[in-house]
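Contents: one structure, followed by commentary.
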2 protein chains.
Amino acid sequence: MNFSASEENYIKSIYHLQPPDGVVTTNELAGELQTKPASVTDMLKKLKAKKLLHYERYQGFRLSSEGKKIALGIVRKHRLWEYFLVQKLQFGWDEVHEIAEQLEHINSKVLIDRLDSFLNFPRFDPHGDPIPDTNGKMEVTGHINLTNLEINHAAEVSAVGSQSTELLELLSHKNIGIGTKLEVKKKFNFDKSVEIKIKNLPAFTISGQLAQSLFVKPL
Amino acid sequence: MNFSASEENYIKSIYHLQPPDGVVTTNELAGELQTKPASVTDMLKKLKAKKLLHYERYQGFRLSSEGKKIALGIVRKHRLWEYFLVQKLQFGWDEVHEIAEQLEHINSKVLIDRLDSFLNFPRFDPHGDPIPDTNGKMEVTGHINLTNLEINHAAEVSAVGSQSTELLELLSHKNIGIGTKLEVKKKFNFDKSVEIKIKNLPAFTISGQLAQSLFVKPL
DNA sequence: AATATAATTTAGACAAACCTAAATTTTATT
DNA sequence: AATAAAATTTAGGTTTGTCTAAATTATATT
């Protein structure tokens, strides 16, 4: 089954709005999508007919398991394209959202799986959000991107953004790996580089690009 | 000005159908787009109103210079994405058309210019068609892709698909360059590799991927 | 030149996705 | 519990891009 870009946008927004065990409301969704509640109601009927959501009028709605599967596919596409834009085309992580909003509607399973492979199966997008794999599975983690770690708060490296040899080579050269404990001492806005401190070592600076590929759990 | 995917498809098809100094007809375009003549007429009115084509009813139509500019932009996007799919994602040149038909409607000038740069400014797509540059200029050449050269017909290498160092390194290793005279002796369907013969050298085989990056002028 | 055929356009309808305004249902307040 | 307020839905309309069937214009044939 194929879906229109509009249907996909509704599904994706419901996915993001939906609390662990509650429902989404018409007004909420209209706000998120910058559209009118009446338009939302129209689409809800259509998506219900396609069995993508559970919905009784006036009672709110939530994705069905089928709907969730579709949502995860869209999220996968969005995040893989964001990763591509940042890692291969030198976009900043704050510039990629709009373009990824378009690219996420490109319809080709083999394209996305090959893109995934080309990118070395990254597990986190440039914002640190996990990328669902080809089966819709993704990691649930409490970690955050190193660029978002507060200054002078101890943390432990818990994941890297991808498995590319270039990244791993750089990390081993700098003696950073999963489990490494560190603190951020300073953030330089000019080039987004970050000065970090690892115990028993002098503080040193890493590039913004590298910082974006590191995820940490605060201790 | 921005255009819908549908408008873009009409513009692109008119561009491809339009003879050097003639017009395109309604039925022709309807056939190309797998739609009905009445639908074409509707769209012609709209595109005329947007000054993208010259059109008098019952008299055929052709792109205005503004229309041609738009068409070249779409062709550029289509061919760059095709190149990306073949060179980076390992698609065969015969598998990429459908996906590129979708990707060509993604709307972001900076995205395309960065993609171009990422790909090392290729001048020909995997089918050997020239890729317009950022200003809409492209080469006019009588050459064909090496994979389409008839067996035992002498030809001269006239262009390479891109300027990537990897490609150039491989070519210099094999002593192939612009002006090299050669013949194709055999084509192997299994892996699309091609056996070629250069005067004073024993015949040797090159990969399908390399063959796709070589363009020749029959002598 | 008249007429038949083919190409094209017009008229009127339809689906998707949106809208506004009015009606309905739920929720909050007195 | 009655009523006011807020949320939601319905009814009916718009735009885009398509369609069919009928009308018009151009082209080909006699």
Side-chain angles (χ1 to χ4, degrees), chain A residues 1-15 17-19 22-63 67 70-71 74 101-102 104-107, chain B residues 1-15 17-19 22-63 67 70-71 74 101-102 104-107:
Chain A
M1 187 63 104
N2 264 2
F3 302 99
S4 71
S6 191
E7 288 171 319
E8 289 193 351
N9 284 333
Y10 275 88
I11 294 167
K12 191 182 59 157
S13 290
I14 296 169
Y15 176 84
L17 289 173
Q18 190 170 309
V23 297
V24 184
T25 68
T26 304
N27 270 1
E28 259 184 296
L29 185 51
E32 174 78 11
L33 289 170
Q34 309 259 68
T35 183
K36 304 292 160 185
S39 309
V40 170
T41 302
D42 287 347
M43 185 61 90
L44 293 176
K45 286 180 194 163
K46 191 185 316 181
L47 295 179
K48 182 185 178 172
K50 295 191 178 185
K51 298 194 183 309
L52 299 182
L53 43 81
H54 301 293
Y55 164 54
E56 295 304 329
R57 51 209 253 289
Y58 295 105
Q59 302 308 141
F61 44 90
R62 63 196 160 80
L63 292 176
I70 307 296
I74 303 164
E101 288 282 299
Q102 294 184 61
E104 75 189 1
H105 300 298
I106 300 293
N107 203 300
Chain B
M1 186 61 103
N2 262 3
F3 302 97
S4 72
S6 190
E7 288 171 319
E8 290 192 350
N9 284 333
Y10 274 88
I11 294 167
K12 192 182 57 155
S13 290
I14 296 170
Y15 176 83
L17 288 173
Q18 190 169 310
V23 296
V24 184
T25 68
T26 304
N27 271 1
E28 260 182 298
L29 185 51
E32 175 77 11
L33 289 169
Q34 309 259 68
T35 184
K36 303 293 160 187
S39 308
V40 170
T41 301
D42 287 347
M43 186 59 91
L44 292 177
K45 287 180 194 162
K46 193 183 315 177
L47 295 179
K48 181 184 179 174
K50 295 191 179 183
K51 297 195 184 306
L52 299 181
L53 42 83
H54 301 293
Y55 164 53
E56 295 306 329
R57 55 209 250 287
Y58 294 105
Q59 304 306 143
F61 43 90
R62 64 198 161 79
L63 292 177
I70 307 297
I74 303 164
E101 288 282 298
Q102 294 184 60
E104 75 188 2
H105 300 298
I106 299 295
N107 207 298

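Quick caveat, the model's predicted, so the values are computed rather than measured. Order of the sequence lines fixes the chain letters, A, B, ..., with proteins taken first and strands second; residue numbering starts at 1 for each chain.
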Short N/O separations, protein against nucleotides 3-6 of chain D, under 3.5 angstrom:
none

Extract from the structure each pairing of a protein N or O with an N or O of nucleotides 10-12 of chain C at less than 3.5 Å, listing the distance.
residue, atom, partner, partner atom, Å
C/dT10, OP1, B/Arg57, NE, 3.3
C/dT10, OP2, B/Lys45, NZ, 2.8

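Annotation: side-chain hydrogen bond (donor to acceptor under 3.5 Å, both in side chains) contacts of A/Gln18 (sequence neighbours excluded): none. A/Thr26 pairs by the side-chain contact (heavy atoms from CB on, under 4.5 Å) definition with A/Pro37, A/Val40, A/Thr41, A/Leu44, A/Phe61, not counting sequence neighbours. For A/Glu104, the salt bridge (Lys or Arg N to Asp or Glu O under 4.0 Å) test picks out A/Lys12, with sequence neighbours left out. Partners of B/Asn27 according to the side-chain hydrogen bond (donor to acceptor under 3.5 Å, both in side chains) rule, which considers only residues two or more places apart in sequence or in another chain, do not exist here. Considering only residues two or more places apart in sequence or on other chains, B/Glu7 meets the salt bridge (Lys or Arg N to Asp or Glu O under 4.0 Å) condition with B/Lys50.
Residue A/Ser39 is classed as a base contact, given a heavy-atom separation below 4.0 Å to a base. Contacts of A/Tyr10 with the nucleic acid, taken as non-hydrogen atoms under 4.0 Å apart, involve only primed sugar atoms and P, OP1 or OP2.
Here the side chains of B/Leu53 and B/Val24 are not in contact, with every heavy-atom distance at 4.5 Å or above.
Rounded to a whole Å, the CD atom of A/Gln59 is 13 Å from the C1' atom of C/dT24. Distance A/Glu28 CD to D/dT9 P: 13 Å, rounded to the nearest Å. Summarising the geometry, the separation between CG on B/Asn2 and C1' on D/dT16 is reported as 16 Å, rounded to the nearest angstrom. When the C1' atom of C/dA16 is taken as reference, atom CZ of A/Phe3 falls 15 Å away, rounded to whole Å. Residue B/Glu56 contributes atom CD, which lies 14 Å from atom C1' of C/dT8 at whole-angstrom precision. Atom CG of A/Leu44 is separated from atom C1' of D/dT10 by 14 Å (rounded to the nearest Å). Rounded to an integer number of Å, the gap from NZ of B/Lys36 to P of D/dA22 is 16 Å. Straight-line distance from the CD atom of B/Glu7 to the P atom of D/dT15: 15 Å, rounded to whole Å.
The two residues A/Ser13 and A/Leu29 make their nearest non-hydrogen contact at CB-CD1, 3.6 Å.
The phosphate of C/dA16 has neither OP1 nor OP2 within less than 4.0 Å of any side-chain N or O from A/Ser4. Listed pair B/Ser6 / D/dT16 fails the phosphate criterion, with no side-chain N or O lying under 4.0 Å from OP1 or OP2.
For residues 53-63 of chain A, the pairs satisfying side-chain hydrogen bond (donor to acceptor under 3.5 Å, both in side chains) are A/Lys48-A/Glu56, with sequence neighbours left out. For residues 30-40 of chain A, no residue pair satisfies the side-chain hydrogen bond (donor to acceptor under 3.5 Å, both in side chains) rule, not counting sequence neighbours.
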